[in-house]
Amino acid sequence: MSNLMTRVFLQRLPPKLCAGISVGSNRYKHSHWEHHENGSSERHWVYSRNSAVAGLIGVGAGVALWLNAHRSAEAASLLTTDQEVSAFGAYRDGLPEYTLDDVSKHASVKERVWVAYRHGVYDITDFIQEHPGGDKILMGAGGSVEPFWALYAVHKNPHVLELFEKYRIGNLSSSDVGAHVKDMDDPYGNEPRRHVALKPSSKKPFNAEPPLPLLADNLITPNELFYVRNHLPVPDVDASTYELDITDEETDKEKVLTLDAIKKYPKHTVTATIQCAGNRRSEMTRVKAVKGLSWGQAAIGNAKWSGARLCDVLKDMGIERDTTDALHVQFEGLDTDPANMPYGSSIPIEKALDPYGDVILAYEMNGETIPRDHGYPIRVIVPGVVGARNVKWLGKIIISKKESDAHWQQNDYKGFAPNVDWDTVDFKKSPAIQELPVISAICEPLEGGTVKVKNGKVKLRGECLFHS
Ligand SMILES: Nc1nc2c(c(=O)[nH]1)N[C@H]1C(S)=C(S)[C@@H](COP(=O)(O)O)O[C@H]1N2
Ligand SMILES: [Mo]
C-alpha cells in the first residue's frame, strides 16, 4: 500500500528494512492511481530515495531557529515552571523608577529601546542587535514585552530571562505594573479541544505528539492523534465568509475563491505523510545541543487528504508550465503574530504545477472536515515535502519569482552541518528544506522497555518514512 509511514512487524532490526527501501533514487517510485466514477481521483504515494544524507539533514534541521530562542538555551529546558520564571522581573532595590510613559518614549534603536516586564524596565537595544530574531521583540518596544511573551510563551525559559535581567535599568512605577496587560485578551483563549493522549512539548503555541505505540497502531493516523505543530494561536475561521486570495505577481491577475468555489473543482484524494523537520530533535540533542521544541519520534502522521488540485485552480487562471516565468508558490496562513504578520512559506512552482505532484487545497482529512488544529477550512497539502510548507488556514497564495520572505522560509527550517552553531550560522547559505530524506524509528518497544524473546526472535514495531 501507499504511504510514507508504514506499520511494520519485523523479526529483524529496521536498518535492514530501510536499507532495502532506500536503494535507488527514483522519485515517486511506486504511486498508483484510483479513478472514481464521479470524476474524483485518488493517488497513493510511496517514495524512495537514497537515505545517506538523512543523518546530516536530521541534525541540521535541529539547528533551525525557533524564533528568538536564545543561544545558550538547551532544548530540554525550553519549558519551565511559573515558579522559576517568577524570580525575574521582580522589584529591585536601588534602581531608578520609570513610568510606562517614560518607557514609551524609547521605541526605536535611535532613542534606545526600552521595554517593561513585570516590575522591571529594560534597555534592550544591544540585545536586539546581537541576537537572531531579536527584532521580534521590537513588537514590545516602548511598552511591555508581556503581550509578546504571552504569545511566545515558549520563551519564558530561565536562559532568556536571565539574560534579559542583564539589561535591567530600572523599576516600573508601581501604579503602572500590570496596567498594560489588564486589557490584553489571552491570544490563546480560543484554542480547540485536544485529545488527552497528545503529549504537549509546548502549550502556547500548542505543539504535541501522540505516544509512539499509538502511532504504530494505525497506518492512517486518526485525526485526533495526529501531531499538532502550531507557531501561533489557532485562528477561528468562519467558513461561510472564508476567502482564498490568489495573486499572480507576474501578471497582476487575482482570483478570490470561496470555500464553495474550491469545492467545485474535481475532488482529489492523496494519502500523504506529514513530518515536522524537528521530529526526533530530542535524539539530536543527545549528540549535540540543538534548539527548538524537544520532539520525540512522533511529530509525524499519515492521513488521507481531499480537496482541489492546486494545478487545476492555477490552470483556470492561465498559469501553466509554458505560460509563466514564476518560480515559486508562496502560501500565507490566517494565523498572525503580534505584528500581524501571517505564518508563511513557499514551494518551487514545478511541484505546484506538476499534475503528478498532488498538491491540493485540502478541506477533508481522513474523510472528515479538516479539524481546526490541522488547518480548517483549507490547508495546502504538499506530499513529500516537510510539514512547514503544508500551510494551514490558507488565506493567500502568491505566484512569484521569489521565495516567501517569511521567517519560516528564510530563517528557520534549514539544514546545516553539525559544525555550524549559533555563533556562525548564516541562514542565507542554506536552502529551505523541501523534500525530506528517509528515516525509520522503532515505536515498540519504547526506549528502555523490555523485549520479549520468543524462539530467538523479537517483535518490533516501527515507523518508516519513505520521503522523496
Ligand atoms: N498557517 C500555519 N501553517 C502551518 C504551521 C503554522 O504554524 N501555521 N506549522 C507548520 C509546520 S512547521 C508543520 S510541521 C505542520 C504541522 O501540521 P499539523 O499541525 O497538522 O500536524 O504545519 C505547518 N503549517
Ligand atoms: Mo514543523
Side-chain angles (χ1 to χ4, degrees), residues 40 192 230-270 272 274 303-320 323-324 326-337 340-349 351-355 357-365 368-383 385 387-406 408-409:
S40 65
N230 295 335
H231 294 83
L232 298 162
V234 176
D236 195 356
V237 185
D238 179 352
S240 67
T241 54
Y242 169 81
E243 285 181 342
L244 172 64
D245 185 293
I246 309 176
T247 308
D248 181 354
E249 284 185 349
E250 296 298 292
T251 60
D252 287 337
K253 252 190 224 159
E254 200 185 329
K255 190 178 177 104
V256 177
L257 290 173
T258 61
L259 189 56
D260 281 345
I262 294 172
K263 288 185 177 172
K264 288 208 174 91
Y265 285 91
K267 186 174 175 181
H268 189 73
T269 298
V270 291
I274 297 182
K304 272 187 178 200
W305 308 93
S306 309
R309 290 201 302 186
L310 181 56
C311 62
D312 291 343
V313 173
L314 295 181
K315 194 172 172 184
D316 244 10
M317 292 177 72
I319 302 167
E320 293 181 77
T323 60
T324 184
L327 298 171
H328 302 275
V329 179
Q330 305 176 3
F331 304 113
E332 284 181 13
L334 293 167
D335 47 340
T336 51
D337 72 10
N340 225 14
M341 293 297 284
Y343 179 87
S345 65
S346 62
I347 57 169
I349 200 164
K351 175 71 175 168
L353 293 181
D354 182 355
D358 286 339
V359 178
I360 60 170
L361 306 176
Y363 41 82
E364 278 176 20
M365 179 177 183
E368 290 166 27
T369 301
I370 290 198
R372 269 186 74 204
D373 258 334
H374 300 292
Y376 176 81
I378 291 287
R379 167 205 204 140
V380 65
I381 291 296
V382 190
V385 163
R389 319 291 168 226
N390 290 250
V391 175
K392 308 191 272 190
W393 317 290
L394 190 63
K396 204 166 181 177
I397 299 178
I398 303 161
I399 311 300
S400 178
K401 280 218 166 78
K402 293 185 306 173
E403 271 196 320
S404 162
D405 53 22
W408 300 274
Q409 188 77 15

**Message:** Looking at every heavy atom in both I349 and A326, which two are closest together, and how far apart are they?
**Reply:** CG2-O, 3.3 Å
**Beyond-backbone contact of E332 with I398, side-chain heavy atoms, under 4.5 angstrom** = yes
**Asked** Does atom NZ of K315 have more than 12 heavy-atom neighbours, drawn from other residues, nucleotides or ligands, at distances under 6.0 Å?
**Response** no
**Prompt:** From I347 CD1 over to E403 CD, what is the distance, rounded to the nearest 0.5 angstrom?
**Reply:** 11.5 Å
**Prompt:** Is there a donor-acceptor pair under 3.5 Å between the side chain of Q330 and the backbone N or O of K396?
**Reply:** no
**Message:** Donor-acceptor pair, distance only, cut-off 3.5 Å: does the side chain of R379 make one with the backbone of I370?
**Reply:** no
**Asked** Would you find a donor on one side and an acceptor on the other, under 3.5 Å apart, between the side chain of Q409 and the backbone of S346?
**Response** yes
**Request:** Without swapping roles, check the side chain of N390 against the backbone of V382 for a donor-acceptor pair under 3.5 Å.
**Result:** yes
**Asked** So, Y343 side chain and A388 main chain: donor-acceptor pair closer than 3.5 Å or not?
**Response** yes
**Request:** Please lay out, stage by stage, how K401 and E250 fare under the test salt bridge (charged side-chain N to carboxylate O under 4.0 Å, His left out).
**Result:** CA-CA 8 Å; K401 280 218 166 78; E250 296 298 292; 3.1 Å; yes
**Asked** Is it true that a side-chain atom of K253 and a backbone atom of M317 form a donor plus acceptor pair closer than 3.5 Å?
**Response** yes
**Prompt:** Got a donor-acceptor contact below 3.5 angstrom from the S306 side chain to the E364 backbone?
**Reply:** no
